[in-house]
Amino acid sequence: MSDKVVLHYFNGRGKMESIRWLLAAAGVQFEEVFLTKREQYEKLLSDGALMFQQVPLVEIDGMQLVQSKAILNYIAGKYNLYGKDLKERAMIDMYSEGASDLMDLIMMYPFKPAEHKQTHLSTIEQKAKDRFLPVFEKGLADSHFLVGNQLSRADVHLLEVTLMLQELLPTILSTFPKIQAFQEKMKALPTISKFLQPGSARKPPPDEAYVKTVMAVLSHLFK
């Protein structure tokens with residue numbers, strides 16, 4: 001196995017995008033192997049690389065890591081993005097899980113039939129405004145960061161999910177000034193600024209081609 005960090009996933013966001021974000025924020029270089037055919041997924045299965053028969057798969061430090069939370073926890077711990085003690089880690093986990101729940105809602109949007117898209121978008125907007133964004137706004141009331149006095153994975157996930165929200169609902173942050181200010185500070189960090197530039201490993205919003213590829217490679221999930 002290579003010393004390099006290698007990501008195995010689709011050429012699109014999905015569950016891997018938060019991993020790309022976190023590695024980029026930590027300044028870690030990585031390579032990507034894109035799944036485009038069912039046979040590639042089946043080879044990973046036959047090679048024993050997918051513990052639970054799922055991607056994302058990340059090769060790092062001589063390990064084949066699966067399960068998104070485990071991967072993110074490992075990266076955060078390795079690169080000092082996981083707080084200074086167990087109490088901070090618990091808070092970081094709570095914020096991160098909240099961001100993940102909102103991301104999951106957004107990630108489902110491209111896979112919804114056309115006649116259900118507007119209803120799903122309304123659900124995203126309602127839950128974002130009522131359940132998630134107020135919590136993050138309050139968390140940023142007295143600090144530049146959600147937990148403690150340094151950057152953590154929770155901050156990286158919050159930036160990612162709020163940018164995703166604005167792609168679908170451009171004015172959704174209009175009543176959340178703390179989050180808006182937080183976004184600007186985060187975008188100015190050198191590693192994140194680099195990741196936001198054209199030509200980086202950051203993936204664009206999912207399109208029909210991405211949806212078709214995922215459904216073809218993971219056809220067993222869409223029967």
Side-chain angles (χ1 to χ4, degrees), residues 1-2 4-24 28 30-76 93 96-125 127-128 131-132 153 156-157 160-161 163-165 167-168 200-223:
M1 192 177 294
S2 165
K4 297 175 182 176
V5 178
V6 183
L7 315 185
H8 297 261
Y9 200 68
F10 307 99
N11 187 11
R13 290 181 180 175
K15 289 287 188 179
M16 187 65 90
E17 191 71 353
S18 290
I19 296 165
R20 297 184 186 106
W21 266 94
L22 204 57
L23 287 168
V28 179
F30 54 86
E31 296 179 359
E32 299 197 70
V33 177
F34 296 127
L35 303 181
T36 59
K37 298 178 180 177
R38 175 80 183 175
E39 291 75 20
Q40 291 172 282
Y41 168 73
E42 290 174 346
K43 174 126 186 356
L44 290 174
L45 287 178
S46 64
D47 289 347
L50 304 179
M51 182 184 286
F52 295 106
Q53 303 176 26
Q54 294 172 306
V55 288
L57 165 66
V58 175
E59 296 181 39
I60 184 171
D61 293 343
M63 298 184 294
Q64 292 178 318
L65 296 184
V66 296
Q67 296 295 339
S68 303
K69 292 175 188 175
I71 297 166
L72 290 165
N73 288 347
Y74 184 82
I75 294 167
D93 283 343
S96 296
E97 289 299 298
S100 178
D101 287 347
L102 184 50
M103 282 185 209
D104 285 346
L105 272 176
I106 298 170
M107 275 189 260
M108 288 305 300
Y109 178 74
F111 292 88
K112 294 290 181 181
E115 63 270 22
H116 295 155
K117 272 185 160 42
Q118 187 55 51
T119 299
H120 189 72
L121 185 61
S122 297
T123 298
I124 293 170
E125 182 174 19
K127 289 188 175 180
R131 185 189 299 181
F132 295 104
R153 60 173 288 201
V156 180
H157 300 327
E160 179 190 0
V161 75
L163 291 175
M164 289 169 71
L165 270 176
E167 288 170 349
L168 294 176
S200 81
R202 185 186 180 210
K203 303 301 182 249
D207 57 14
E208 286 187 15
Y210 167 76
V211 171
K212 286 179 180 177
T213 299
V214 173
M215 293 180 75
V217 174
L218 302 181
S219 56
H220 61 288
L221 298 178
F222 294 93
K223 291 178 180 177

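Count residues from 1 along the sequence. Bear in mind that the values here come from a model prediction, so they are computed numbers and not experimental data.
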Subject >> Exceeds 12 heavy-atom contacts within 6.0 angstrom, atom CD of E42 >> reply: yes
**OP:** Might you point out which heavy atoms bring P206 and R13 nearest each other, and give the distance in Å?
**Re:** CD-CD, 4.4 Å
**OP:** Please confirm whether the backbone N or O of F34 pairs with a side-chain atom of Q40, one donor and one acceptor, at under 3.5 Å?
**Re:** yes
Subject >> Backbone N/O of L35 and side chain of K37: donor-acceptor pair under 3.5 Å >> reply: no
Original post:
For the side-chain contact (heavy atoms from CB on, under 4.5 Å) test, which of I75, L23, L22 pairs with V28?
Top reply: L23
Original post:
Which residues pass the ring-ring contact (aromatic ring centres under 6.0 Å, His included) test with Y41, sequence neighbours left out?
Top reply: H220
Original post:
Who are the salt bridge (charged side-chain N to carboxylate O under 4.0 Å, His left out) partners of R20, not counting sequence neighbours?
Top reply: E17, E32
Enumerate, atom names and distances included, each donor-acceptor pair closer than 3.5 Å involving a side-chain atom of residues 98-107, sequence neighbours excluded.
from	atom 1	to	atom 2	distance (Å)
D104	OD1	K15	NZ	2.8

Original post:
Has the side chain of D207 got a donor or acceptor atom that lies under 3.5 Å from a matching backbone atom of A209?
Top reply: yes
Subject >> Taking every non-hydrogen atom, the tightest pair across V217 and T36 >> reply: CG2-C, 3.7 Å
Original post:
For F132 and L165, what are the C-alpha separation, side-chain angles and deciding distance, and is it a side-chain contact (heavy atoms from CB on, under 4.5 Å)?
Top reply: CA-CA 12 Å; F132 295 104; L165 270 176; over 6 Å; no
Original post:
Does K69 have any salt bridge (charged side-chain N to carboxylate O under 4.0 Å, His left out) partners at least two apart in sequence or in another chain, and if so, which?
Top reply: E97
**OP:** Could you tell me the separation between the CD atom of E59 and the CD atom of E31, rounded to the nearest 0.5 Å?
**Re:** 9.5 Å
Subject >> Distance (rounded to the nearest 0.5 Å) between Q67 CD and L50 CG >> reply: 10.5 Å
Original post:
How would you list, by chain and number, every residue that makes a salt bridge (charged side-chain N to carboxylate O under 4.0 Å, His left out) with K43, sequence neighbours excluded?
Top reply: D47
Original post:
What residue pairs, at least two apart or across chains, pass side-chain hydrogen bond (donor to acceptor under 3.5 Å, both in side chains) with a residue in residues 109-120?
Top reply: none
